[in-house]
Visitor: 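Mind having a look at this structure? Questions to follow.
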Amino acid sequence: MTTLEKLYCVFAIAFALAFLTVLYLIPETRQLSILLPAGLVAIAVNIGLIFTVLRDILCRRFATPTARYLWLAVILLFWPAVLYYLPRHGFRKRK
């Protein structure tokens with residue numbers, strides 16, 4: 001991953017955590033007039049995160065050929081796996 005991609009990944013994760021915290025702590029943000037635009041922004045940010053992570057998986061060399069497909073399946077089926085993938089593989093240089 002490039003430095004810009006790493007920064008975007010960190011931003012997207014921080015944004016998701018901040019978004020959930022605001023929704024939990026401030027009840028007024030749960031109104032449809034606020035929730036709909038904020039939710040659309042959150043979806044757009046997370047689509048960018050998933051695109052960045054999937055691109056990294058497809059460009060990276062893994063120890064076994066099946067590891068790439070396993071990571072693709074895990075990320076697509078269980079989104080929070082991104083939090084494990086990024087420190088383990090994503091933030092390291094590609095070989």
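Note that the structure is predicted; figures quoted are calculated from it, not measured.
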Visitor: Does any N or O in the side chain of R30 come within less than 3.5 Å of the main-chain N or O of L23, such that one atom is a donor and the other an acceptor?
Guide: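 Yes, the answer is positive, given that a donor and an acceptor are paired below the 3.5 Å cut-off.
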Visitor: Could you pull out the closest heavy-atom pair between A12 and N46, with the gap in Å?
Guide: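 Heavy-atom minimum between the residues: O-OD1, 4.5 Å.
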Visitor: With ILVMFWY side chains joined below 4.5 Å, transitively, what does L70's cluster contain besides itself?
Guide: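 Reading the cluster by chain and number, L70 sits alongside V74.
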Visitor: Which residue pairs pass the salt bridge (Lys or Arg N to Asp or Glu O under 4.0 Å) test with at least one member in residues 70-84, sequence neighbours excluded?
Guide: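 For residues 70-84: none.
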Visitor: Would you mind listing every salt bridge (Lys or Arg N to Asp or Glu O under 4.0 Å) that reaches into residues 58-81, with sequence neighbours excluded?
Guide: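 Those involving residues 58-81 are D56-R60.
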Visitor: Which atoms form the tightest heavy-atom contact between C9 and M1, and what is the distance?
Guide: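 Looking at all heavy atoms of both residues, the closest pair is SG-CE, 3.8 Å.
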Visitor: Who are the side chain to side chain contact (heavy atoms under 4.5 Å, CB included) partners of I50, not counting sequence neighbours?
Guide: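 Checked I50 against side chain to side chain contact (heavy atoms under 4.5 Å, CB included); matches are L54, I75, W79, V82.
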Visitor: Please report the shortest heavy-atom distance between T52 and G48, naming the atom on each side.
Guide: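 The answer is OG1-O, 2.8 Å.
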Visitor: Please work out which of the three classes, parallel, tilted or perpendicular, describes the rings of F11 and Y8, given edges at 30° and 60°.
Guide: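 Aromatic pair Y8/F11 classed tilted.
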Visitor: Among all residues two or more places apart in sequence or in another chain, which pass the side chain to side chain contact (heavy atoms under 4.5 Å, CB included) test with Y84?
Guide: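 Result, side chain to side chain contact (heavy atoms under 4.5 Å, CB included) vs Y84: W71, R88.
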Visitor: Where do F15 and A42 come nearest, in terms of heavy atoms and distance?
Guide: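 Heavy atoms of F15 and A42 come nearest at CE2-CA, 3.5 Å.
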Visitor: Name all residues meeting the side chain to side chain contact (heavy atoms under 4.5 Å, CB included) criterion together with T2; count only those two or more places apart in sequence or in a different chain, and write none if there are none.
Guide: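 T2: side chain to side chain contact (heavy atoms under 4.5 Å, CB included) contacts with L4, E5.
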